[in-house]
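Scroll down for the structure; my scribbles are underneath it.
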2 protein chains.
Amino acid sequence: MARKTGSHSEITGPLVREAAERLFARHGYAAVSMRQIAGEVGVQAGALYNYTPDKQSLLYDMMSTHMQSLLQSWSDADPGGTPMDRLQAFTRHHIHFHLQRPDAVFIAYMELRNLEAQNFARIEVQRKAYEMVLENILQDGQGAGAFHVGDVKLAGMAVIAMLTGVTTWFRDDGRLSVEEIANHYWDMVRKAVGA
Amino acid sequence: MARKTGSHSEITGPLVREAAERLFARHGYAAVSMRQIAGEVGVQAGALYNYTPDKQSLLYDMMSTHMQSLLQSWSDADPGGTPMDRLQAFTRHHIHFHLQRPDAVFIAYMELRNLEAQNFARIEVQRKAYEMVLENILQDGQGAGAFHVGDVKLAGMAVIAMLTGVTTWFRDDGRLSVEEIANHYWDMVRKAVGA
DNA sequence: CGCCTTTCTGAACGATTGTTCATTTTGAAT
DNA sequence: ATTCAAAATGAACAATCGTTCAGAAAGGCG
């Protein structure tokens, strides 16, 4: 039995998540009401509760899904090989991935403080896992003499901050293409880690 | 005539701004109520309106003051001299300044979207002015052959993002002192710009 | 002390918040 | 055409929001 009678939650459900993501990114979680989200979907506020138990879950679910997607996407893109190859792949993947979902990225970085304690802890685990991906690459390269950084942990944080910063100023109709941007960033990352 | 009779707004006024800054940084502008701020100060909500015309002004004033303070502080710290000297001074100043006022920094980066259109435009002018400080240093150094960056504007954004990122993980009781952190960052910035 | 301005209270306002729920509408399956 | 679960309505809820304001408290000055 595929779909039950009268059902079209397979349509409305995603619309709710998309509207919430768009609005949260634009105005912030706390500033967006359930009625605004419902309005975007073309439905009354009460109907949203067929698709989420509450507003907080709407936020947590999209953040968790985003982090999961980021980790999985890197896992698929990781070419293995030398630390240098992997660092370049990481840099390019990070930029491409982040520029492809600006709203989700924005929320993942800005709405951490609006997560309830337990949800926050869960997201932090995923976030930390991603940071460790880069830290491990840098550690390997440092050990092999391919990189020369003063402090591996600090270098990891610096690189991620630098790369993520691209989302704050990138515009689709801007001066540089994503590919050109990725090239420039890789050049700076490479030099910054002393390779 | 100094202070008027019955007055102690010179005491309460700053307390209101401090409480607001602390709470906005912790929970976000939209999630903090005037009653919460008043509670921190030890006063009723109505009393706040002796010190601010409305909630929005509370946010705008602290952001504008912060940006003004940042620009002035750099202006005082700018050593002049070679682009290399100035870039190092900029790097160290940025880190020291930002780590000294984590709440104000957090608000300046996170609450832009909660500014009314006109206030947002004003803050953007100040923000842009600060970006231009770095961009000009990089441009001068590039022209003099001291730096080798692929794109001056992009390098400026990358450096600022990297430096500002330090505020997201720095802890006073952490592994590294501010001075050590500044040293490491300067090392990476120097290499990233090809100097 | 009594005056007078500043400061604060405490209640009130209309609007909006997240969420619930009895009821109605919908639409595929029988 | 009838059935029946899923989905959506629309009203209601208690709580909270930013803001206003008349009146009470406070405290330096004459």
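Proteins get letters first, then strands, A, B, ... in listed order; numbering begins at 1 in each.
In this structure, CG of Leu15(A) is placed 10 Å from P of dA8(D), rounded to the nearest angstrom. One atom, CG of Asp54(A), and another, P of dT20(C), lie 8 Å apart when rounded to the nearest Å. Atom CG in Asn50(B) sits roughly 13 Å away from atom P in dC21(D) (whole-Å rounding). To the nearest angstrom, C1' of dT19(D) lies 15 Å from CD of Gln56(B).
Contact check on Arg17(B) versus Asp61(B) returns no salt bridge, with no Lys/Arg side-chain nitrogen under 4.0 Å from an Asp/Glu carboxylate oxygen. Contact check on Lys55(A) versus Glu111(A) returns no salt bridge, with no Lys/Arg side-chain nitrogen under 4.0 Å from an Asp/Glu carboxylate oxygen.
Between Tyr130(A) and Phe90(A), the distance from one ring center to the other falls under 6.0 angstrom.
For Thr12(B), no side-chain nitrogen or oxygen approaches OP1 or OP2 of dT7(C) to under 4.0 Å. Taking side-chain N and O atoms only, Tyr51(A) has no distance below 4.0 Å to OP1 or OP2 of dA7(D).
For Ala47(B), taking side-chain heavy atoms from C-beta onward, the closest of the listed nucleotides dC8(C), dG18(D), dG10(D) is dC8(C). Taking the side chain of Val43(B) as heavy atoms from C-beta on, and the options dT20(C), dA8(D), dT9(C), the nearest nucleotide is dT9(C). With dG10(D), dG18(C), dT9(C) as the candidates, the nucleotide lying closest to the side chain of Gln44(A) is dG10(D). The Tyr49(B) side chain lies nearest to dT19(D) when the options are dT19(D), dA7(D), dG18(C).
A distance of 12.0 Å separates CD1 in Ile137(B) from CD in Gln139(B), rounded to the nearest 0.5 Å.
In the hydrophobic clustering of this structure, Ile11(B) groups with Val16(B); members are Ile, Leu, Val, Met, Phe, Trp, Tyr whose side-chain heavy atoms approach within less than 4.5 Å, directly or through other members.
Remark on DNA chain C: of its neighbouring residues Lys55(A) and Ala45(B), the 5'-side contact belongs to Ala45(B), judged by nearest-heavy-atom nucleotide.
For the residue pair Asp54(A)/Ser57(A), the side-chain donor-acceptor check at 3.5 Å is satisfied.
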Got a list of side-chain donor-acceptor pairs under 3.5 Å for residues 184-195 of chain B, not counting sequence neighbours?
unit_1    : atom_1 : unit_2    : atom_2 : d
Asp187(B) : OD1    : Arg190(B) : NH2    : 2.5
Lys191(B) : NZ     : His148(A) : O      : 2.9

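Of the residues in residues 23-41 of chain B, those placing a heavy atom less than 4.0 Å from an atom of DNA chain C are Arg35(B), in numerical order.
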